[in-house]
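Accompanying notes for the structure given below.
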Amino acid sequence: MPFDSNEQSHRRLNALTGEWVLVSPHRSKRPWQGQQEAPEADERPAYDPSCYLCPGNSRVGGEVNPAYADTFMFTNDFSALQADVPAGSIDEGGLLRAEAESGICRVICFSPRHDLTLPQMTTPAIRKVVDLWASEFATLGARPDINYVQIFENKGPMMGCSNPHPHGQIWAQRTVPGEPAKEGERQLAYFQEHGRTLLSDYLKIEMEKKERVVLENEHFVVLVPFWAVWPFETIVIARRPVQDLTQLTEPERDALADALRRLTIRYDNVFSISFPYSSGLHQRPTDGQAHPEWHLHLHFYPPLLRSATVRKFMVGYELLGDPQRDITPEFSAGRLREQSEVHYKDAVE
Ligand code: H2U
Ligand code: ZN
């Protein structure tokens, strides 16, 4: 009997991180008796006087937000990283190790409108978010004490997001954290061996197969990676192997905004809800090196599995062994591909 990855258990390598995911396609038909969570209510006013991100409102620290018209950035009033940490470390026989870590945390409001989310914004409005990401990457990354800039968004209460006002965060710090460090090592090894970026060659394979591609435009491709862990995980890959947002041309920035809008509309349409996720950019470290091995991309990690309320949990074997999935990345890509690019709230009956 020949091996069939659509039917039989197998493991897939994450080419970017070197980690494996166990895939169990034969289990996707098993009966579900999991927890049912209440759907998220998402009818909101355009302006909420009690929201600390709305224009003109004051934040917890007492600062007042300006009457901003498109995007707005401020330093997080409860930053996880402190800028003024003195150098220092602990090392007891290599077993108890700690290092002082400094950094800067920022919050970025995507829109003054409290009731919007990325998929409900226009492409030019999302483009302004892309521009702010690029300028923050440049400003923070230029600091000698910042060697990595992580831009991300937590969306929805299921992802622990504390406020529905459309916003994201930036954590910039002295060291390169675990995920980009793993990806950086693998990309460097690949680039040294082949002289091309890992994601250029991966994208070429995916564009030939097409079975995991969700959408594309002139400059970006969105696909469910071969090694996806989360049921509807996607990766947004720049066609040109650029290392960071500041290298994108104007049309490429517009294309990124277009890809983000179309992807998040499809996400919302899967279960006709505001689709929760954590997403973020992966770009080169800002350590002063060129890093030609780095290839700009974004990850989307949505927690939902088979309905608006049934989520995937990372438990049991996944905590102790490897991550595992039942529905295949190919199946999920098909579900995302068949969605309309008209948001369900805008769709006329
Ligand atoms: P979430 O994206 O996880 O909802 O976080 C929003 C951030 O906003 C959170 O990191 C910050 C919190 O520290 N915040 C402020 O900086 N000022 C405030 O007045 C409230 C929340
Ligand atoms: Zn608000």
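We count ligands from 1, going down the list as the structure has it; atoms in each ligand are counted the same way. In this chain, residues are counted from 1 in sequence order.
- Under the 6.0 Å distance and 45° angle rule, Arg311 counts as a cation-pi partner of Phe313.
- Counting heavy atoms from C-beta on, the side chains of Gln324 and Ser24 come closer than 4.5 Å.
- Among the atoms of Cys109, no N, O or S atom is found under 2.8 Å from the Zn ion (ligand 2).
- Given atom 15 (C) of ligand 1, the protein heavy atom at minimum distance is Asp77 OD2, 3.4 Å.
- Remark: at the Zn ion (ligand 2), atom SG from Cys54 and atom ND1 from His114 enclose 110°, rounded to the nearest 10 degrees.
- Using cut-offs of 30° and 60° on the angle between ring planes, the pair Tyr267 and Phe275 is parallel.
- You'll find the ring centres of Trp227 and Tyr202 inside the 6.0 Å limit.
- Phe232 does not carry Arg335 over the face of its six-membered ring by the limits of under 6.0 Å from the centre and within 45° of the normal.
- For the pair Arg12 and Phe226, the distance from NZ or CZ to the six-membered ring centre is under 6.0 Å and the angle to the ring normal is within 45 degrees.
- With a 4.0 Å cut-off on non-hydrogen atoms, His167 touches ligand 1 through its side chain and not its backbone.
- For ligand 1, the atoms sitting less than 4.0 Å from at least one non-hydrogen atom of Tyr52 are 6 (C), 8 (O), 14 (N), 18 (C), 19 (O), 20 (C), 21 (C), numbered in the order shown with element in parentheses.
- Atoms of ligand 1 found under 4.0 Å from any heavy atom of Phe74 (numbered from 1 in listed order, with element): 15 (C), 16 (O).
- Relative ring orientation between His299 and Tyr301 is described as parallel, the plane-to-plane angle staying below 30° on a 0-90° scale split at 30° and 60°.
- The Zn ion (ligand 2) sits nearest to atom ND1 when only the N, O or S atoms of His165 are considered.
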Please assess Lys204 against Glu206 for the test salt bridge (Lys or Arg N to Asp or Glu O under 4.0 Å), listing each intermediate value before the final yes or no. CA-CA 6 Å; Lys204 209 163 133 212; Glu206 291 291 16; over 6 Å; no
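- Distances below 4.0 Å separate heavy atoms of Cys161 from the following atoms of ligand 1: 4 (O).
- With respect to atom 3 (O) of ligand 1, the closest heavy atom belonging to the protein is Gln169 NE2, 3.4 Å.
- Heavy-atom proximity to atom 8 (O) of ligand 1, evaluated over Val107, Asn163, Val60, is greatest for Val107.
- In terms of polar-atom proximity, defined here as any N/O pair under 3.5 Å, Thr75 makes no such contact with ligand 1.
- Selection from Asn65, Leu53, Asn76, Ile108 by nearest heavy atom to atom 11 (C) of ligand 1 gives Asn76.
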